[in-house]
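Just follow the structure's listing: the first ligand is 1, and inside any ligand the first atom is 1.
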Amino acid sequence: MTSAPVLQISDLRKSFGSEEVLKGVNLTVQRGEVVVLLGSSGSGKSTFLRCINRLEEPTSGSITLNGNSVTASNANLRTLRKQIGMVFQSFNLYPHLTALKNITLALRLSLGQTRQAAEEQAKHMLAQVGLAEKAHAHPSELSGGQQQRVAIARALALEPQVMLFDEPTSALDPELVGSVLEVIRLLRQRHMTMVIVTHELGFAREAADRIIMMDKGEIVEEGPPEQLFTAPKHPRTREFLKHFT
Ligand code: ADP
Ligand code: MG
């Protein structure tokens, strides 16, 4: 028996000019599933994630979120982006706003919450990522790891159906990586559905339900972490993993 998929992506294609960077990607993500996407630089991982919430327009193919079309021309992008949380490598906080205001702004604009309700919810979210005491700090007063946790709290505040992470720890000093991965582990325990692009292979192996290996715009291999790490089938997967051992 399969449960209802949260995301269903069929034959997704994306070209930039004459270069086809996604060549018919199929992926179904079940509720509560954690999928980690691996692949070398330029393989199309970011483009793939960005197509899922239509930050990038797919050239063709279909995407549904809880059965609702994301790719239909009349899809409501505002609603969609509330339901698909996205966290980037480069935090993307508003530098002139405090941690708290970065979150309340999202709540007020996206959910139309009152100032008071938004502040309450934002404080709750900051506490969840261990930053209750940093509510009034500006991004420049926070470490990269703390900024990224604020960005995660901001995305989570909108109560998304799925969270997409694009190399959330790649811009961080090594000693700050752990605090961000810890937050993602916590989300996993709470059964958040997630698609994560990362080069943290130890984390991938421990936290993923399924690993997807992407190469040149295609999924070349997928499977449970143990299988993929101990007995990779595709030559590109073997070569990729070699660089990390
Ligand atoms: P990855 O995240 O796996 O490193 P990307 O999705 O960023 O890969 O890029 C895949 C390919 O698409 C690369 O060849 C990249 O140069 C190209 N690409 C990505 N975004 C654009 C864009 N906006 N315009 C033109 N080419 C792009
Ligand atoms: Mg990328």
Decide yes or no on side-chain hydrogen bond (donor to acceptor under 3.5 Å, both in side chains) for Thr114 and Arg108, but give the supporting numbers first. CA-CA 6 Å; Thr114 63; Arg108 299 190 69 193; over 6 Å; no
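Partners of Gln89 under the side-chain contact (heavy atoms from CB on, under 4.5 Å) rule, at least two apart in sequence or in another chain, are Glu167, Ser170, Ala171. Every residue meeting the side-chain contact (heavy atoms from CB on, under 4.5 Å) condition with Glu33, not counting sequence neighbours, appears here in chain and number order: Val29, Gln30, Val35, Asp209, Arg210.
Checked against Val183 for a side chain to side chain contact (heavy atoms under 4.5 Å, CB included), the options Val87, Ile152, Leu131 give a single hit: Ile152. Residue Asn66 forms a side-chain hydrogen bond (donor to acceptor under 3.5 Å, both in side chains) with just one option from Arg31, Gln83, Gln8, and that option is Arg31.
Salt-bridge formation is not detected for the pair Lys23/Glu20: no Lys NZ or Arg NE/NH1/NH2 atom is positioned less than 4.0 Å from an Asp or Glu carboxylate oxygen. Under the 4.0 Å criterion applied to side-chain N and carboxylate O atoms, Arg54 and Glu57 are assigned as salt-bridge partners. Arg185 and Glu206 are joined by a salt bridge, as a carboxylate oxygen and a charged side-chain nitrogen come within less than 4.0 angstrom of each other.
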Pairs under 3.5 Å, nitrogen or oxygen of ligand 1 with protein nitrogen or oxygen:
from	atom 1	to	atom 2	distance (Å)
ligand 1	2 (O)	Ser46	N	2.9
ligand 1	2 (O)	Ser46	OG	2.9
ligand 1	3 (O)	Ser43	N	3.2
ligand 1	3 (O)	Ser43	OG	3.4
ligand 1	3 (O)	Gly44	N	3.0
ligand 1	3 (O)	Lys45	N	2.9
ligand 1	3 (O)	Lys45	NZ	2.8
ligand 1	4 (O)	Gly42	N	2.7
ligand 1	6 (O)	Thr47	N	2.9
ligand 1	6 (O)	Thr47	OG1	2.5
ligand 1	8 (O)	Gly44	N	3.2
ligand 1	14 (O)	Glu19	OE2	3.2

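Around the Mg ion (ligand 2), the protein contributes the following N, O or S atoms under 2.8 Å, ordered by chain and number: Ser46 OG.
Lys14 forms a cation-pi arrangement with Phe16, by the criterion of a distance under 6.0 Å to the ring centre and an angle within 45° of the ring axis.
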